[in-house]
Each structure stands twice: as structure tokens, then as C-alpha cells.
Amino acid sequence: MREQRRAAEAQATTRAGGGRGVPLTGMAALQRRAGNAAATHWVQRQAGALNEHYATRPTEHPEWATYQELTKAAGIPRADADNAWQLLLGGVDSQGALNDEAAAKTSDRQEQREIRATNTWYQEFVKLMTQHLEIKTPTMALWAGGIEVNDYAYEQGHTPLARTRIGSVLNVLEMHPDWKLTGPMWSILSKAFVSLATGPVHIFVRAYSPDSILIRLEVPELQRVQRLNPNVKLIWHPLYTGPDGRTREISKDCQLVDNAEYDKRDTCVGALIQYLRLFHDESNEKAAPAHKSMEQLLAANGHKDGV
């Protein structure tokens, strides 16, 4: 495998030097795709910290074989999948420096997020994979409150990001154990996913936090899309999961029903909070995170002890 990689790198160097009409591969292709600055930064760091990120030895990553199987099953062309893998690993390697830069430049959390999202490797990865963000159902889904909500949304006939071709691959993989190095990729991907909305979007909320990706990133982007396309509508669903694990929706009269739709975020969140305050059972561990989130939200808004 290593000899094959050396041969591939040598071939890429030859092509970059003068082979016209031949597709670029390896570093030459990545330099063209992600830019000189990112490629130079990668080369400068090869000797040290990259060992734990696999960017210079992509096929040795523990998830490489799984990634190949998943992308093939998802119908992603091999060439696109291989290029995407290298971009992902380059993004992991580059993210640490951007995180440090963000912390050094500002204490404002939103400004820090914006700096962290300037990772050119991740940006190019998302551009390459945009065609694989197509939804499988007539309607798109967004969610907050735990991965079970993602599954619930899909069972109701809507497609969340994690059920798209590339989303289903990434949702299984562990690119790196440090979320700070991979989280910005998901933010960039989420924004691209939302930008593809062309009709009603169903938003499922089991726990509400103003600082969630849903509220601070996806919904604002969706509202921008809506201004350009009036066919895009936001349909909100408040959820509660009982001790038996069954998730249902909360009606305006605080009943658990199969479907409860709201056209405004505030009325949806109001119904969720009202139900949690009046009917949540403290012994119900399934809904404990949602109840805790509600208490924190109320306390932050001046309600003593979250009530």
C-alpha cells in the first residue's frame, strides 16, 4: 500500500509538472481545489502533529475501509469519494489552527464561529458533495433535541441531513474524537443543506436552546432562502418522549398527538415549555435533557429556579 501511494504521488508530481489533458491527482489536485495557502500549511505541518490526523496517510485512517463501503452503497462515485476523503482529512488537520486563531482574535462566540468556519478544506468538501445532499422525500427536515429526533423526522416522511447520501455516510463515521475539529464541517454542511430547500421544511424540536445549530444557523439560513422563494415554509413540531421511548407531538391544548403543526417558532416552543412545566415526570429519563434545557432557558430569562 505504501509503495502504491509513493507511485501515485510521483505520478501526481509528473502530471502537475506538464502533463496536459490528464486529470490532476494527489497534492496537485488538492492544491487546485483547496488553494495554495491550505496546501502550503499542510506541507509545513507534515513532520509533526499530522500523525494523529492521517492527512498525509489517508488510507491508514481506521475508518477508511468503512468510508469506502458506505460511499459505494450510497451511490457516490469513487473519484468524488476519494477526493472528498482527502479534503475531510485536510480539514481536520487545519481546524486546530483556526480554532486557536478564533480564540486569540475575539471573545465573541459568533465571531469565533465565523472564523472557525473559514476552513477551506471543509468548504471545498461541501462544494464537492452538494449534489449528494439531495433529499429522498418531498420535504426536508431539521431538528433539535437528540439523534432520536432525526430518526423520528425520517419516520414521519421527511428527510433530515443525516439521511442524505453524504449525510448518511458522515453520520456513521468518527473522523476524529475531538468535536472541535469536526464540528465546523457539520456547520458548513448544514448551511449548504438548508440552502437547497425549495418547499415546506418541517422542524422538529424536542429540546430548545437558542445556541443550538438549528436556531443560530439553520433557521436564519432557511429564512434567507424563504425571502427568495416564498414556496419555502417553516412548519414547527414540538415533541415529547415518554418513559416508554415513544415520541409524540404536543398540541395547542397540551395533548400528545400524532401530528401538531405550528407556523411560528415561538408558539411551538411555548407549547413545548408549557407541557414540560405541567406534565413532565421527573422519573422520565427520556425527557430529562429536554426538561433541563427548559429550566436553563427560563432561568436565563429571569424565571427564578427555572419555573
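Just so it is clear, the values below take in all heavy atoms, side chains as well, and ignore hydrogens, waters and symmetry mates. Quick note: residue numbers are just sequence positions, from 1. Owing to the predicted nature of the structure, the values given are computational and were not obtained by experimental measurement.
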Please determine whether side chain to side chain contact (heavy atoms under 4.5 Å, CB included) holds for the pair Thr139 and Ile135, giving the CA-CA distance in whole Å, both sets of side-chain angles, and the decisive distance to 0.1 Å.
CA-CA 7 Å; Thr139 47; Ile135 63 175; 5.6 Å; no
Hits for salt bridge (charged side-chain N to carboxylate O under 4.0 Å, His left out) against Asp263, two or more places apart or cross-chain, chain-then-number order -> none
Which residues share a side chain to side chain donor-acceptor pair (under 3.5 Å) with Tyr208, sequence neighbours left out
none
For residues Asn99 and Arg116, report the shortest heavy-atom separation together with the two atoms involved.
OD1-CD, 2.9 Å
Separation between NE2 of His291 and CD1 of Ile273, rounded to the nearest 0.5 Å:
11.0 Å
Residues passing the salt bridge (charged side-chain N to carboxylate O under 4.0 Å, His left out) test with Glu261, sequence neighbours excluded, are none
Is it true that atom CD of Glu285 has more than 12 heavy atoms of other residues, nucleotides or ligands lying nearer than 6.0 Å?
no
Do other residues, nucleotides or ligands put more than 12 heavy atoms under 6.0 Å from Lys72 NZ?
no
Just by distance, with hydrogens left out, do Gln112 and Arg109 show a side-chain donor and acceptor under 3.5 Å apart?
no
Suppose clustering is done on Ile, Leu, Val, Met, Phe, Trp and Tyr with side-chain heavy atoms closer than 4.5 Å. Which residues sit in the same group as Ile115?
none
Could you verify whether a donor N or O on one side chain and an acceptor N or O on the other, from Ser251 and Asp253, lie under 3.5 Å apart?
yes
List the residues meeting side-chain contact (heavy atoms from CB on, under 4.5 Å) with Ser168, not counting sequence neighbours, and say none if there are none.
none
Ring pair (Phe, Tyr, Trp, His ring centres under 6.0 Å) contacts in which one or both residues fall within residues 252-274, not counting sequence neighbours
none
So, does Gln226 use its side chain to make a donor-acceptor pair with the main chain of Asn231 at under 3.5 Å?
no
Could you tell me whether a side-chain N or O of Glu249 sits under 3.5 Å from a main-chain N or O of Leu239, the two making a donor and an acceptor?
no
Only pairs at least two apart or in different chains count here, so list each salt bridge (charged side-chain N to carboxylate O under 4.0 Å, His left out) that has a residue in residues 172-181.
none
My understanding is that only residues two or more places apart in sequence, or in another chain, count here; which of them pass side chain to side chain donor-acceptor pair (under 3.5 Å) with His132?
Arg165
Could you list the residues that satisfy side chain to side chain donor-acceptor pair (under 3.5 Å) with Thr71, not counting sequence neighbours?
none
Which donor-acceptor pairs under 3.5 Å do the side chains of residues 195-203 make with protein atoms, sequence neighbours left out?
from	atom 1	to	atom 2	distance (Å)
Ser195	OG	Ala192	O	2.6
His202	ND1	His237	NE2	2.8

Qualifying residues under side chain to side chain donor-acceptor pair (under 3.5 Å), relative to Thr159, sequence neighbours excluded:
Thr137
Interatomic distance, OG@Ser190 vs CD@Glu221, rounded to 0.5 Å, equals 10.5 Å
Tell me the closest heavy-atom pair linking Thr164 and Phe193, and the distance in Å.
CG2-CE1, 3.7 Å
Evaluate the side chain to side chain contact (heavy atoms under 4.5 Å, CB included) criterion for residues Arg248 and Asp258: first the C-alpha distance (whole Å), next the side-chain angles of each, then the deciding distance (0.1 Å), finally the verdict.
CA-CA 6 Å; Arg248 302 191 72 193; Asp258 292 334; 3.2 Å; yes
Here the gap from Trp236 atom CH2 to Thr267 atom OG1, rounded to the nearest 0.5 Å, amounts to 9.5 Å
Pairs flagged by ring pair (Phe, Tyr, Trp, His ring centres under 6.0 Å) wherever residues 72-93 is involved - sequence neighbours left out
His61-Trp85, Trp64-Trp85, Tyr67-Trp85
Would you call Gln95 and Tyr122 a side-chain contact if the rule is heavy atoms closer than 4.5 Å?
yes
Any side-chain donor-acceptor pair under 3.5 Å between Thr106 and Asp108?
no
Contact check, side chains of Arg113 and Ser187, non-hydrogen atoms, under 4.5 Å:
no
